[in-house]
Each structure stands twice: as structure tokens, then as C-alpha cells.
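FYI, side chains are in, hydrogens and waters are out, and symmetry mates aren't considered; it's all heavy atoms of this structure. All values derive from a computational prediction rather than experimental measurement.
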Amino acid sequence: MKRKLNEFARERMGKLEGDGTFTSFCLEGRMSEMAMGSVDYTMRVKWGDCDAAGISYYAKNFEWFTDARFELFAHYGFPYMETFHHKGISLVCLKAESDYKKMIRPLEEITIKTSISELTRTRMAFTYQIVKSNGELAAEGFTAHAYVNSEGRPLNLKKSFPALWNDLSIAQSEKE
């Protein structure tokens, strides 16, 4: 299962090195390296998450990715609202993809495994795996985000919020 996510991430965002670092093909044309780490967010699928056929509605994956991303931030001591939103920083989604592998039905327990795959001064990207309780990979995906200010203008996090940039960089390098 890990190999499949690594292949997915490499195909979309860069390449996984043998030492566990991920070399990202940054959207800005630069290369960056970071340690891979993952946070698990477990939930039970609700009937409202499903279509009339009783299968999870495809767009719910992106909602679950958001919930898992918020969990990742909180896990590392960066609750999204306090760390970003209340400071006038938004992470706007530039690209989102999900590859569907297995059906998910109501009341199934799933775990969304989330990792930061890119952290630059202007962007952040994440990879996700949705895993069923029996260990089957149900879906995998990624999202790429840009930092923008309260007026919707792109911002350089390192320049505009140096303490936050420093904290995020340290947390990212210390994962695992």
C-alpha cells in the first residue's frame, strides 16, 4: 500500500528518495526536500456521505481530505484557525486529485493518512490515502495549495510571517 502512494506522489508531485525524503517538483520550478511523515484521521462514513446507491459520493473525498489536513495541522501544534485563518492567511487549493480504488459504504470505518509532500515559502501540498478498516486502499489523492492574504493576494510566508515559517519548517524537518 505504501508503495502505491509513493508511486502516486512521485507521478504527480516529485520522487521519493531511498532515505525517506521526498524531492518535490515545486510548482515554482525549484526543488525542495522534506521528510515524509503521516497523520491518521479515522472516521465512520455517514449515510449523508453516500449517494442513492449507498456508495460514498465521490466529492466527499475532498471534504475528508480537508478534515484530515486540519487534523495533521493540529497534530503538529498548528491548529488551522488560530495558526492561519485568524492571522489573515488562507491556504487556497490550486489543484486537487483523487484516484478511486474501492467503494466505501455507510457505517464503514475509514482512515485518511495524510502527509505534507511540499512546503515552500508560497505553497504547501499534501498526499492522502483513504484506507478501509480491512486494510484495503479505497482512494489516494493530493492537494496543492498557495498561501494568500485576506485580500486574496499571494504571499511569501517566510517574508510575511517569519516566526510561523520557522516553526513550520522545524516541525516538518523533525517529523519522525
Side-chain angles (χ1 to χ4, degrees), residues 1-14 16 22 24 27 34-119 123-148 150 152 157 164 167-168 171-172 175-176:
M1 193 174 338
K2 184 175 181 177
R3 190 170 80 73
K4 286 185 176 220
L5 178 62
N6 294 342
E7 288 173 3
F8 180 83
R10 181 173 43 247
E11 177 182 302
R12 305 285 195 305
M13 299 296 290
L16 184 69
F22 185 80
S24 172
L27 300 172
M34 57 183 42
M36 293 289 284
S38 179
V39 171
D40 291 355
Y41 171 69
T42 300
M43 60 167 279
R44 187 163 305 278
V45 177
K46 299 181 291 286
W47 179 257
D49 295 333
C50 299
D51 59 20
I55 301 166
S56 66
Y57 180 61
Y58 74 94
K60 285 293 182 175
N61 282 18
F62 299 107
E63 185 177 318
W64 299 337
F65 291 171
T66 299
D67 293 343
R69 191 169 56 249
F70 273 52
E71 183 68 22
L72 179 139
F73 283 133
H75 177 82
Y76 287 108
F78 302 101
Y80 182 82
M81 295 304 285
E82 292 84 6
T83 305
F84 297 98
H85 187 76
H86 292 161
K87 293 178 182 174
I89 307 166
S90 292
L91 285 173
V92 296
C93 190
L94 301 173
K95 187 170 186 174
E97 287 191 20
S98 184
D99 288 344
Y100 303 91
K101 310 290 185 184
K102 299 281 182 183
M103 291 185 289
I104 301 172
R105 300 204 180 266
L107 304 180
E108 278 193 89
E109 187 175 278
I110 59 172
T111 299
I112 300 102
K113 297 175 177 295
T114 308
S115 298
I116 296 175
S117 58
E118 177 181 36
L119 178 64
R123 309 223 171 145
M124 187 179 277
F126 304 84
T127 56
Y128 311 89
Q129 279 186 310
I130 299 176
V131 181
K132 297 171 85 158
S133 61
N134 65 3
E136 287 183 304
L137 180 65
E140 55 191 355
F142 83 92
T143 57
H145 306 260
Y147 311 113
V148 299
S150 55
L157 197 64
L164 175 57
D167 291 347
L168 284 169
Q172 179 61 25
K175 290 190 312 186
E176 293 194 341

Set out, in order, the CA-CA distance, both residues' side-chain angles and the distance that settles side chain to side chain contact (heavy atoms under 4.5 Å, CB included) for Ser115 and Phe126, then state yes or no. CA-CA 5 Å; Ser115 298; Phe126 304 84; over 6 Å; no
Go through it in stages, so that I can follow the logic: the residues are Glu109 and Thr42, the test is side chain to side chain contact (heavy atoms under 4.5 Å, CB included), and I'd like the CA-CA distance, side-chain angles, deciding distance and then a yes or no. CA-CA 7 Å; Glu109 187 175 278; Thr42 300; 3.5 Å; yes
Taking it one step at a time, do Phe84 and Phe73 satisfy ring-ring contact (aromatic ring centres under 6.0 Å, His included)? CA-CA 10 Å; Phe84 297 98; Phe73 283 133; 5.1 Å; yes
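Inter-residue side-chain proximity for Leu91 and Tyr80 is flagged as met; some heavy-atom pair is nearer than 4.5 Å. In this structure, Leu164 and Phe78 have side chains that are in contact, with non-hydrogen atoms separated by less than 4.5 Å.
A distance of 12.0 Å separates OH in Tyr58 from OG in Ser56, rounded to the nearest 0.5 Å. To the nearest 0.5 angstrom, Met124 atom CE is 12.5 Å from Leu94 atom CG. Put simply, CD1 on Ile89 and OG1 on Thr83 are 8.5 Å apart, with the number rounded to the nearest 0.5 Å. Taking NZ from Lys46 and NZ from Lys60, the interatomic distance works out to 6.5 Å, rounded to the nearest 0.5 Å. To the nearest 0.5 Å, atom OH of residue Tyr100 and atom CD of residue Glu140 are 12.0 Å apart.
The backbone N or O of Gly54 lies less than 3.5 Å from a partner atom in the side chain of Asp51, making a donor-acceptor pair.
In the model, Ser117 has no side-chain atom that pairs as donor or acceptor with a side-chain atom of Thr127 under 3.5 Å. Residues Thr143 and Tyr128 bring a donor and an acceptor atom of their side chains to less than 3.5 Å of each other.
Pairing each heavy atom of Leu137 with each of Lys102, the nearest pair is O-CG, 3.4 Å. The minimum heavy-atom distance between Ala96 and Cys93, with the atom names listed, is CB-SG, 3.9 Å. When all heavy atoms are compared, the tightest approach of Leu119 to Leu168 is CD2-O, 3.9 Å. Closest approach of Glu97 and Phe65 over heavy atoms only: O-CE1, 3.8 Å. Nearest heavy atoms, Tyr147 versus Leu157: CZ-CD2, 3.7 Å. Residues Lys113 and Ser38 come closest through the heavy atom pair CB-OG, 3.7 Å.
Using a 4.0 Å cut-off between a side-chain N of Lys or Arg and a carboxylate O of Asp or Glu, Glu108 and Arg44 do not qualify as a salt bridge. A salt bridge does not link Arg123 to Glu118: none of the charged side-chain nitrogens sits closer than 4.0 Å to a carboxylate oxygen.
With sequence neighbours left out, Thr66 forms a side chain to side chain donor-acceptor pair (under 3.5 Å) with Arg69. Take Met103 and apply the side-chain contact (heavy atoms from CB on, under 4.5 Å) test, not counting sequence neighbours, and it matches Ile55, Arg105.
None of Thr114, Ile110, Ile112 except one satisfies the side-chain contact (heavy atoms from CB on, under 4.5 Å) rule with Tyr41; the exception is Ile112. Each of Asp49, Ile130, Thr111 was compared with Met43 under the side-chain contact (heavy atoms from CB on, under 4.5 Å) criterion, and only Asp49 meets it.
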